[in-house]
There are 2 protein chains.
Amino acid sequence: MTPAERNALLTKFISERGLKSTRQRTLIVDTFFESDGHFSVEELWAKVRAQDAKVSVATVYRTMKLLTEAGLAHAQNFGEGQARYEPAVGRDHHDHLICTRCGTIVEFEDERIEQLQSAVARKHGFTVTSHKLELYGLCRECQRSEPRR
Amino acid sequence: MTPAERNALLTKFISERGLKSTRQRTLIVDTFFESDGHFSVEELWAKVRAQDAKVSVATVYRTMKLLTEAGLAHAQNFGEGQARYEPAVGRDHHDHLICTRCGTIVEFEDERIEQLQSAVARKHGFTVTSHKLELYGLCRECQRSEPRR
DNA sequence: CTCCTTGCAAAAACTTTGCATTCCC
DNA sequence: GGGAATGCAAAGTTTTTGCAAGGAG
């Protein structure tokens, strides 16, 4: 999805709710979508402050909450004690492979797994609205540099 | 696995490391394994304090960390901002179906999903050591009592 | 006796909130 | 001008840690 399309969605969301578009908001949102990855609030804050040193963490938290409510970002919890956000719109659903040594996160998707998940849920009478699949291990590089001991 | 078997593992772990078996430790461990479920530290602490009012949270945290290192418990992070622990040994691996309305947690396992996960990891050069699969939605009861609007 | 463990309270890490001020529209 | 957003600092949460006192082996 293009920045223009994303901005259209955001503008709509903001105007529908009587919210306002501010310098900080714009900066945070642009920074977040610029390089898509998986940001912690702290990392995002660092990037934002590089452009405007006076933006407070609170504003970053508030903006990410807003983006999440607008459906433009998803909060992921990889068990590090702090949430990570990732862009959410215009991207296919995907899951994560996480290297426990270097922290690399690889995204993947597998239609067959999704289907099996639906089947399992159905069997238990559940209606599934979302899911989270994370595989933890060592990436190729870390397997090399950290030989079995 | 029987309490006896579990205790054997724990005793081994403790003696191997020069640790000690204390009243509090025993109480917390027994309470944790007694009714297997998914406890937050706070819930576990409440149960423990019902038997010994003077046990501190810190001890519960320290004991659960110990159990985790010993491989007898696993920390799960369902994104509530606080971790939940579940017994880990002598049970087959399983994943979770979580009702987002009433909080019910159903465990399931599916060999085919596991196989597909391995295949995906291999394709990306990862060696997987663990994984987490959670399906979020409404359980049968909550679908009934919360009709579509 | 030794040194591990505990309780307590303080500290840490992450996130939210209250309030006066500033800024959109 | 008026309501919304910001910055700041204070407060909340959850978890960890330092230290003196107590306890297991």
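Numbers restart at 1 for each chain; the letters A, B, ... are given by sequence-line order, proteins then strands.
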- [ ] Please check the phosphate of dT16(D) (OP1 and OP2 only) for any side-chain N or O of Y61(B) closer than 4.0 Å.
- [x] no
Task: Between dT16(C) (C1') and M64(A) (CE): distance, integer Å - done: 16 Å
Task: Residue Q24(A), side-chain atoms from C-beta onward, closest of dT15(C), dT17(C), dG7(D) - done: dG7(D)
Task: Value in whole Å for how far the P atom of dC14(C) lies from CZ of F39(A) - done: 17 Å
TODO: Taking only the side-chain heavy atoms of V41(B) (C-beta and beyond), determine which of dT17(D), dT15(D), dG7(C) contains the nearest atom.
DONE: dT15(D)
Open item on the list: Using whole Å, what does the distance between atom P of nucleotide dA5(D) and atom CG of L10(A) come to?
Closed with: 12 Å
TODO: Determine whether H74(B) and L72(B) make a side-chain contact, defined as any pair of heavy atoms from C-beta on separated by less than 4.5 Å.
DONE: no
TODO: May I ask you to say what V55(B) touches in the nucleic acid, namely base, sugar-phosphate or nothing, with a heavy-atom cut-off under 4.0 Å?
DONE: sugar-phosphate
Open item on the list: Strictly below 4.0 Å, N to O, side chains only: are K47(B) and E43(B) in salt-bridge contact?
Closed with: no
Task: Between the first and last five pairs of the helix from dC1(C)-dG25(D) to dC25(C)-dG1(D), the angle of the axes, rounded to 10 degrees - done: 30°
- [ ] Using atom CH2 of W45(B) as one end and atom P of dT13(D) as the other, report the distance to the nearest whole Å.
- [x] 14 Å
Open item on the list: Is there a side-chain contact between T59(A) and the phosphate of dG7(D), meaning an N or O under 4.0 Å from OP1 or OP2?
Closed with: yes
Open item on the list: Could you check whether any side-chain N or O of T59(A) sits under 3.5 Å from a backbone N or O of V55(A), counting only pairs where one atom can act as donor and the other as acceptor?
Closed with: no
Open item on the list: Measuring from the side chain of L19(B) (C-beta onward, heavy atoms only), which nucleotide among dT15(C), dT5(C), dG7(C) has the closest atom?
Closed with: dT5(C)
Open item on the list: By nearest heavy atom, map L66(A) and V57(B) onto DNA chain D; which one lands nearer the 5' end?
Closed with: L66(A)
Task: Student check: side-chain heavy atoms of Q76(A) and E134(A) closer than 4.5 Å - done: yes
Task: Atom-to-atom span, NZ of K65(A) to P of dT6(D) - whole angstrom - done: 14 Å
Open item on the list: Tell me whether Q143(B) contacts the main-chain N or O of G125(A) through its side chain, where contact means a donor paired with an acceptor under 3.5 Å.
Closed with: yes
- [ ] Name the closest nucleotide to the R62(A) side chain, picking from dT14(D), dG7(D), dT16(C).
- [x] dG7(D)
Task: Gap between atoms CD and P, on E16(A) and dC25(C) respectively (whole Å) - done: 16 Å
- [ ] For residues F108(B) and L133(B), determine if any side-chain heavy atom of one lies less than 4.5 Å from a side-chain heavy atom of the other.
- [x] yes
- [ ] Enter the distance from M64(A):CE to R84(A):CZ here, rounded to the nearest 0.5 Å.
- [x] 12.0 Å
Open item on the list: To the closest 0.5 Å, what do you measure between CG (L67(B)) and CZ (R62(B))?
Closed with: 14.5 Å
- [ ] Tell me whether the OP1 or OP2 atom of dT6(C) has a side-chain N or O from R25(B) closer than 4.0 Å.
- [x] yes
Open item on the list: Please pick, from dT5(C), dA4(D), dC14(C), the nucleotide with the shortest atom-to-atom distance to any side-chain atom of K20(A).
Closed with: dA4(D)
TODO: Please tell me which of the listed nucleotides, dT6(D), dT15(C), dC8(C), lies nearest to the side chain of T22(A)?
DONE: dT6(D)
Task: Interatomic distance, N77(B) CG vs dT13(D) C1' [rounded to whole Å] - done: 14 Å
Task: Interatomic distance, I14(A) CD1 vs dC25(C) C1' [rounded to whole Å] - done: 13 Å
